[in-house]
Chemist: 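After the structure tokens below, expect a handful of questions from me.
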Protein chains: 2
Amino acid sequence: MANVTIKDVARAASVSVATVSRVLNGHDNVTEHVRDRVLSVARELRYTPHAAARSLSSRRTQALGVVLPDLHGEFFSELIRGIDQVARRHRLHLLLSSYHGDVEEQGTALQAMRGRVDGLLVMSPYTAASQSLEDARSLSQLPVVLINSQSGGAAGTVLGVDNHGGARAMVEYLVSGGHRRIAFIAGPEDNFDAHERLRGYRDALAELLPGTAEWILRGDFDEASGHRAGRELIAASERPDAVFAANDMMALGCMFAFLQAGIDVPGEIALAGFDDIPLAGYVHPGLSTMRVNIAELGSHATELLVAAIASKEPVTEPRRWLATELIVRESSGPPERRTSS
Amino acid sequence: MANVTIKDVARAASVSVATVSRVLNGHDNVTEHVRDRVLSVARELRYTPHAAARSLSSRRTQALGVVLPDLHGEFFSELIRGIDQVARRHRLHLLLSSYHGDVEEQGTALQAMRGRVDGLLVMSPYTAASQSLEDARSLSQLPVVLINSQSGGAAGTVLGVDNHGGARAMVEYLVSGGHRRIAFIAGPEDNFDAHERLRGYRDALAELLPGTAEWILRGDFDEASGHRAGRELIAASERPDAVFAANDMMALGCMFAFLQAGIDVPGEIALAGFDDIPLAGYVHPGLSTMRVNIAELGSHATELLVAAIASKEPVTEPRRWLATELIVRESSGPPERRTSS
DNA sequence: CTGAAAGCGCTTACAG
DNA sequence: CTGAAAGCGCTTACAG
């Protein structure tokens, strides 16, 4: 039983393939009578159009390409959920590709998207990957929206989280709570988000506590590095009165180090993170953090892309930042109200 | 600047399109000299093959369709990660589609896959969806591997977690710990996993504690329903000495209800879940549970599918179950060793 | 309103 | 080893 094609339907309905095509695509220049016949024959034959053939002649795939550095973890899960939400609303498929931090592979993935998708959503947080991205973009000839990436040049919209503003706001909050010796656990050096958060910490410190030395510890966004940083701080001759980690996982690692050492959080040292992962609300004490609405990031980016595809214009949207939200829990001191950055 | 096609490359390299095609597909019946010229011209022109055209004539898409009920949460994140892992090893793309619990949409999604993918990975935990699945499968004419689904008939491989065996093993473990009044918080009624876990609880109870009445509370897999069940149990005239929830989220909800009521876990009531989500290890007391290796489920399913596509035979693999693993933490009583189900 | 035909960009026997 | 040509299954001007 071979696959049934549009020809089979045409033959069975005694019309041309052009007519079948028109009916199936909902064109209105078809007689009611003929339309019904075609539709019922198509159903009877269990006909399903062949997407590749359709794409080839219509030059539309009804799909979006999503190229991410990784798929593991809640961040990507949320991002994909946001993307999926608007994609399905527009009846667009999602072609997913993760390049696992390999810049070469990112280029390959982008190229392989030609003829498969109508536009590209690309996240490239590695500061080094921007060139490859630029190449690939010109290669693919497709509308592109960049997510949380260093602007790779002129073309394409870039959408990201306001990491800089969020980090600044967190430092402001800690300072307003009376903290003065605020240590920062940084993220990976080649990561754009990490970079921006560090910059926010520095700028806020310079502005609010001029003359105070920066206090920066290395980290790489995972819990273990936060734990290490915490132990370093415990061993330091002078301890900070607050620790701000560039993300929640490191903040939690640091928190566990403190708790193991019998240090009271927030009594002796206040603690804050960034992201607001679910765990942040479950641990004890609850972790204060800057909430990033990842799903919204994904859905916004997708909206922009869909618009770009529809307009057929090269995307010239300005860079846009999504606000973060301060979430105050016990780890940073006495409870206060939420505010927005 | 229009997109460059294989014709442009052929012209620029002074060869036929057939030869360009051969070079690009790595066929060996091409002179070294010609090969090099074509390759360098292709690179120079930044040529990228058009996937739809290639798919149409080669009848291969190099892509796998993944149809899931939802994308939200860690389960799907892990599943996709496992799938992606083997897909990338075989250089296969992933077309993702979630039908959000809508059986109609599931059918539509499956149909839309024709001409886009070489095979289908489908998860359909809704017991009612099996008919639609069967329809769609015959429609799509593609190799299918079902994940955690009720066997929809003869065709297609079914791969799933051994929910029944895992639940049995958990009850056995609780009984061996001296517990006799074991309440069970069930999952959604139309969910296949939930169904199997409940069956495991029942079978184990009937076997190990004959004559003991089943003690089943309703739940729907989320934390709130676990919390509700916990409050019900607190209010009961007689309390259980152990509670086994059909998943971790409900177990955690139940745990919070107990802790709020000042009930000692596991002192007064032991508690166990199913899944081993990361939270299970972070809460205090740590939650005993049955670990399900979701990523492995995804990668196994994908291996089977890839094999099915390669063999071109209708898949007739028997139903397969992935073992679960008992993880003992504080919530179930004194620490013991891990064992496998 | 309907059909014949060209064309989308490839791959693959078939000759040579 | 290489090329001309048919064909994959659709869509879309172009006529009528």
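Chain A is the first sequence line, chain B the second, and so forth, proteins listed ahead of strands; every chain is numbered from 1. Worth saying up front: this structure is predicted, and the values here are computed from it rather than measured.
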Chemist: Verify the contact: side-chain N or O of B:S55 to OP1 or OP2 of D:dC8, cut-off strictly under 4.0 Å; return yes or no.
Modeler: no

Chemist: Go through A:L56 and B:H50 one step at a time and tell me if the side chain to side chain contact (heavy atoms under 4.5 Å, CB included) criterion holds.
Modeler: CA-CA 9 Å; A:L56 186 56; B:H50 191 280; 4.1 Å; yes

Chemist: Is there a Watson-Crick or G-U wobble partner for D:dA4 with both distances under 3.5 Å, and which nucleotide is it?
Modeler: none

Chemist: Step by step, work out the salt bridge (Lys or Arg N to Asp or Glu O under 4.0 Å) result for B:R81 and B:D84.
Modeler: CA-CA 5 Å; B:R81 186 166 71 95; B:D84 174 67; over 6 Å; no

Chemist: How many whole angstroms separate atom CG of A:N3 from atom C1' of D:dC10?
Modeler: 14 Å

Chemist: Quick check for you: among C:dG3, C:dC10, C:dG9, whose closest atom lies nearest to any side-chain atom of B:I6?
Modeler: C:dC10

Chemist: What is the distance, to the nearest angstrom, from the CG atom on B:D118 to the C1' atom on D:dC8?
Modeler: 15 Å

Chemist: Checking side chain to side chain contact (heavy atoms under 4.5 Å, CB included) against A:L304, which of A:L159, A:L121, A:I147, A:L146 comes through?
Modeler: A:L159

Chemist: Identify all pairs in which a protein N or O lies below 3.5 Å from an N or O of nucleotides 12-16 of chain C, and state each distance.
Modeler:
| residue | atom | partner | partner atom | Å |
| --- | --- | --- | --- | --- |
| C:dA13 | N6 | B:R22 | NH2 | 3.1 |

Chemist: Looking at D:dG9, D:dG3, D:dT2, which one has an atom nearest to any side-chain atom of B:S16?
Modeler: D:dG3

Chemist: Please state how far atom NZ in A:K7 lies from atom P in D:dC10, giving the value in whole angstrom units.
Modeler: 10 Å

Chemist: Of all the nucleotides listed (C:dG9, D:dT11, D:dG3), which has the minimum atom distance to the side chain of A:R54?
Modeler: D:dT11

Chemist: Measure from NE2 on B:H50 to P on C:dG7 and round the result to the nearest Å.
Modeler: 17 Å

Chemist: Nearest-Å distance, CZ (B:R35) to P (D:dC1)?
Modeler: 10 Å

Chemist: Is there a donor-acceptor contact under 3.5 Å linking the side chains of A:T61 and A:D118?
Modeler: yes

Chemist: Which residue lies toward the 5' end of DNA chain C, B:P49 or A:N29, if each is placed at its nearest nucleotide?
Modeler: A:N29

Chemist: Start with the C-alpha distance between A:R89 and A:V306, add both sets of side-chain angles, then the distance that settles side chain to side chain contact (heavy atoms under 4.5 Å, CB included), and finish with yes or no.
Modeler: CA-CA 11 Å; A:R89 194 161 65 231; A:V306 168; over 6 Å; no

Chemist: Would you mind reading off the distance between B:D8 atom CG and C:dC10 atom P, rounded to a whole angstrom?
Modeler: 9 Å

Chemist: I want to confirm an ordering. Mapping A:L24 and B:D28 to their closest nucleotides on DNA chain D, which one lands closer to the 5' end?
Modeler: B:D28

Chemist: Might you work through the side chain to side chain contact (heavy atoms under 4.5 Å, CB included) test for A:L68 and A:I80, ending with a clear yes or no?
Modeler: CA-CA 10 Å; A:L68 303 175; A:I80 292 170; 4.0 Å; yes

Chemist: Do you know which of A:V34, A:L39, A:V9, A:T5 makes side chain to side chain contact (heavy atoms under 4.5 Å, CB included) with A:V20?
Modeler: A:V9

Chemist: Atom CZ of B:R60 to atom P of C:dT11: distance rounded to whole Å?
Modeler: 14 Å

Chemist: Does D:dA13 have a Watson-Crick or wobble partner in any strand here, with both distances under 3.5 angstrom, and which is it?
Modeler: none

Chemist: Would you mind reading off the distance between A:R59 atom CZ and C:dG7 atom C1', rounded to a whole angstrom?
Modeler: 10 Å

